[in-house]
Amino acid sequence: MAHIDQYIHYTRLMSLITAISIVIISLCVYSKQSIPLASFYVSDEDDTAHYIIQSIIDRRLIATLVASHASIFCPLFTLLNTPTKSELEHQASAIVDMLCQAVVPLGLALSWMFSILFDSRTIHLIQGEHNSCFSTDTGAHACMLFDITHGLKYLVIFFFAVETMLVCADSIVKCYSTKRIQLPGDDIEKSLISI
């Protein structure tokens, strides 16, 4: 039983580290490829295509940051606020705690799936207009970082799926591990048997 709890903590820690990595890499990519809005107004050319692509990149960053911030704070709070045994002795609070621990990772995984779908849609849109990874001339480095971030998004979904399975397995083990009820006469029987 204690081993499953340790694995749950390890998966939460790994999802936390992965989400922090996604934030750092996403912000690095965004800072490398973003174009200030003031440059669109100063330019004499009609840069509507660049403006549209930049707004798509902005929205993609927002979707990633929303999913990652939720994925950072939820595991962090559950790692810091682990319920004690006395709190889990109450059957109702134990059931609510188990349901929350199983449902929250599923919700976080769904938000990451939305972020991945949004990324794939926008990449197809951007690549349809410009035959490159991004509209700016940042080169292969930004594309590589974007691909790493995209892969980490799949990894964090995997961690949340593993966490959900471990929480369910832990609740099943705790449900079926029966404690022997000690009756007042049990102490007398043990002392008589040992004599």
Practice problem: Mind listing the closest non-hydrogen atom pair of Ser15 and Pro75 along with its distance? | Solution: OG-CG, 3.8 Å
Self-check item: ILVMFWY cluster, Tyr30 and Ile24 together (side-chain gap under 4.5 Å)
Solution: yes
Quiz item: Quick one: CG on Leu166 to CD1 on Ile8, what's the gap to the nearest 0.5 Å?
Solution: 5.5 Å
Self-check item: Closest approach of Leu152 to Thr18 (non-hydrogen atoms, all atoms of both residues)
Solution: O-CG2, 3.6 Å
Quiz item: Crowded around Phe118 CZ? As in, over 12 foreign heavy atoms under 6.0 Å?
Solution: yes
Practice problem: Check the hydrophobic clustering (I, L, V, M, F, W, Y; side-chain heavy atoms under 4.5 Å; chains of links allowed) and say if Met165 and Met113 are grouped together. | Solution: yes
Quiz item: Which word best sums up how the rings of His150 and Phe146 line up, parallel for under 30°, tilted for 30 to 60°, or perpendicular for over 60°?
Solution: parallel
Self-check item: For Ser71, side-chain contact (heavy atoms from CB on, under 4.5 Å) partners two or more places apart
Solution: Ala19, Leu108, Trp112, Phe160
Exercise. To the nearest 0.5 angstrom, please state how far the CG atom of Leu155 sits from the CD1 atom of Ile148.
Key: 12.5 Å
Practice problem: Over all heavy atoms of both residues, which pair between Ser26 and Thr64 is shortest? Give the atoms and the distance, please. | Solution: OG-CG2, 3.5 Å
Quiz prompt | Approximate separation, where rounding is to 0.5 Å, of Ile25 CD1 and Ile20 CD1 | solution = 12.0 Å
Quiz item: Would you say the side chain of Asp170 lies within less than 4.5 Å of the side chain of Tyr7, judging by non-hydrogen atoms?
Solution: no
Exercise. State plainly whether one hydrophobic cluster holds both Val103 and Leu110, where clusters connect Ile, Leu, Val, Met, Phe, Trp and Tyr through side-chain heavy atoms under 4.5 angstrom apart.
Key: no
Quiz item: Got a second to check how far Ser171's OG is from Ile4's CD1, nearest 0.5 Å?
Solution: 9.0 Å
Practice problem: Answer yes or no: is there a side-chain heavy-atom contact under 4.5 Å between Leu61 and Leu65? | Solution: yes
Practice problem: Only pairs at least two apart or in different chains count here, so list each salt bridge (Lys or Arg N to Asp or Glu O under 4.0 Å) that has a residue in residues 156-169. | Solution: Arg12-Glu163
Quiz item: With no hydrogens and no angle check, do the side chains of Ser68 and Lys153 hold a donor and an acceptor under 3.5 Å apart?
Solution: no
Quiz item: Are Leu27 and Ile72 connected, step by step, through hydrophobic side chains (Ile, Leu, Val, Met, Phe, Trp, Tyr) whose heavy atoms are closer than 4.5 Å?
Solution: yes
Quiz item: How would you list, by chain and number, every residue that makes a side-chain contact (heavy atoms from CB on, under 4.5 Å) with Ile62, sequence neighbours excluded?
Solution: Val66
Quiz item: In terms of hydrophobic clustering (I, L, V, M, F, W, Y; side-chain heavy atoms under 4.5 Å; direct or indirect links), are Phe158 and Phe114 co-clustered?
Solution: no
Quiz item: Is there side-chain contact between Asp119 and Thr149, with at least one heavy-atom pair below 4.5 Å?
Solution: no
Self-check item: Non-hydrogen side-chain atoms of Ile116 and Ile157 separated by less than 4.5 Å
Solution: yes
Quiz prompt | Taking every non-hydrogen atom, the tightest pair across Ala67 and Ser111 | solution = CB-OG, 3.8 Å
